[in-house]
Amino acid sequence: MTGCAPRERSTDDSGAGAPLPAAYTGVEELPEELASDGTTIVVGDPAAATTVRLYEDPRCPVVEEFEATGAPALREMTLRREAKTEYTLASFRDDRVGGDGSKRAVNALRAALDAGKFTEYHAVLFENMAENELAGGYTTASLPELAGHVERLRSETFDSAVATMKYKDFVTASQKTYEAAGGDDPRGPGTPTVAINGAQITGGLYDWLFEKESFDQLLDSAHDEPQTG
């Protein structure tokens, strides 16, 4: 697969051969919304045939690796309107390594969603995660500073939301949703956890998430046989 051109593929039999809508030209155009459950952040065309569920903690180094390696395949597919992503944001790393950086980052990401800048800010946070961890994790000082890297995100409203933990209830609820997804493990499924059209990627295929071409193959296969019902 090369480029970001939309494929001439229909998502149902009635429109066989009809071209897909024009691709988004950049992540700043992607639709973003909070789902009705109050914790899931949905990014991408709501009509996309493929749904990818991601469980991420902003301080998890394995998530950082995923975002730098395999995740660009998902980003390209989302821009082509072939996939949408459902994010559940965890904050358990604070209990493991100390501090409250995960909670503060999740709160800031929720504030970015209100500004329509979740996707762009999410990318900036992971691009700068290692540097922030060396300094002890995300803080009320570093999170607004990083928002300055996203056009039209930094504002008094955003800074206030970060400083006051405006979305602390969201942070708590999102962590509980993550824990509930762990099934028999009350700690949660681990991050990153990826499910494509409801099927969690496990076993030997899990390593495919960390290589762009391999993850692209998984996504392509799911798109060829989209979810039903």
Side-chain angles (χ1 to χ4, degrees), residues 1-36 40-56 58 63-89 109-110 112-128 146-147 149-153 192-201 205 208-229:
M1 177 187 303
T2 58
C4 292
R7 303 179 183 183
E8 294 192 355
R9 176 186 293 160
S10 173
T11 59
D12 57 52
D13 292 339
S14 64
L20 290 171
Y24 300 108
T25 60
V27 295
E28 67 279 356
E29 294 184 3
L30 291 173
E32 306 175 346
E33 66 175 356
L34 185 66
S36 59
T40 302
I41 295 175
V42 184
V43 175
D45 187 343
T50 300
T51 300
V52 179
R53 165 74 68 166
L54 292 182
Y55 296 88
E56 298 187 332
V63 175
E64 179 197 25
E65 181 184 359
F66 166 71
E67 287 293 333
T69 55
L74 174 57
R75 197 149 43 245
E76 291 175 7
M77 195 169 182
T78 305
L79 288 170
R80 293 195 302 267
R81 297 180 183 260
E82 294 176 356
K84 61 180 176 291
T85 306
E86 298 177 341
Y87 290 90
T88 297
L89 301 173
L109 283 164
R110 177 65 182 82
L113 178 66
D114 267 2
K117 298 291 183 179
F118 170 85
T119 306
E120 294 165 82
Y121 190 53
H122 175 272
V124 168
L125 290 192
F126 280 106
E127 288 166 2
N128 292 273
L146 290 170
H149 295 274
V150 178
E151 187 175 0
R152 295 191 299 276
L153 173 57
T193 288
V194 178
I196 304 176
N197 289 342
Q200 186 172 328
I201 306 303
L205 290 179
W208 288 35
L209 300 176
F210 301 91
E211 206 285 320
K212 184 174 181 289
E213 291 184 3
S214 299
F215 190 27
D216 196 33
Q217 291 179 36
L218 288 176
L219 292 167
D220 245 5
S221 177
H223 187 72
D224 289 337
E225 298 180 7
Q227 58 190 342
T228 58

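These numbers come from a predicted model, not from an experiment. The first residue of the sequence shown is numbered 1, and numbering continues consecutively from there.
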*Mind listing the closest non-hydrogen atom pair of Pro192 and Phe210 along with its distance?*
CG-CZ, 4.1 Å

*In Å and rounded to the nearest 0.5 Å, what is the CD1 to OG1 distance from Ile196 to Thr50?*
8.0 Å

*Please list, chain by chain and in numerical order, all residues satisfying side chain to side chain contact (heavy atoms under 4.5 Å, CB included) with Glu211, sequence neighbours excluded.*
Glu213, Ser214

*Just by distance, do the side chain of Thr78 and the backbone of Leu74 share a donor-acceptor pair under 3.5 Å?*
yes

*For Glu67, check salt bridge (charged side-chain N to carboxylate O under 4.0 Å, His left out) against everything at least two apart and list the hits.*
Arg75

*Specify the closest pair of heavy atoms between Ala222 and Asn197, including all atoms of both residues, with the distance to one decimal.*
O-ND2, 3.6 Å

All N/O donor-acceptor pairs, side-chain side in residues 26-35, below 3.5 Å, sequence neighbours left out:
unit_1 : atom_1 : unit_2 : atom_2 : d
Glu29  : OE1    : Thr25  : N      : 3.1
Glu29  : OE1    : Thr25  : OG1    : 3.4
Glu29  : OE2    : Thr25  : OG1    : 2.5
Glu32  : OE1    : Lys117 : N      : 3.4
Glu32  : OE1    : Phe118 : N      : 3.0
Glu32  : OE2    : Phe118 : N      : 3.3
Glu32  : OE2    : Thr119 : N      : 2.8
Glu32  : OE2    : Thr119 : OG1    : 2.8

*Side-chain touch Leu153/Tyr121, heavy atoms, less than 4.5 angstrom*: yes

_Can you confirm whether Asp45 sits close enough to Lys84 that some side-chain heavy atom of one is under 4.5 Å from a side-chain heavy atom of the other?_
no

_Partners meeting salt bridge (charged side-chain N to carboxylate O under 4.0 Å, His left out) with Glu86 (sequence neighbours left out)_ = Arg53

_Under the side-chain contact (heavy atoms from CB on, under 4.5 Å) test against Trp208, which residue among Ile201, Leu218, Val194 passes?_
Leu218

*To the nearest 0.5 Å, how far apart are CD1 in Ile41 and OG1 in Thr85?*
11.5 Å

*Any chance the side chains of Glu56 and His122 put a donor and an acceptor closer than 3.5 Å?*
yes

*With sequence neighbours excluded, what pairs up with Asp114 under the side chain to side chain contact (heavy atoms under 4.5 Å, CB included) test?*
Arg110, Tyr167

_For Ala22, is there any backbone N or O sitting under 3.5 Å from a side-chain donor or acceptor partner on Arg81?_
yes

_Contact check, side chains of Phe66 and Phe215, non-hydrogen atoms, under 4.5 Å_ = yes

*What is the distance from atom CG of Leu109 to atom CG of Leu125, rounded to the nearest 0.5 Å?*
5.0 Å

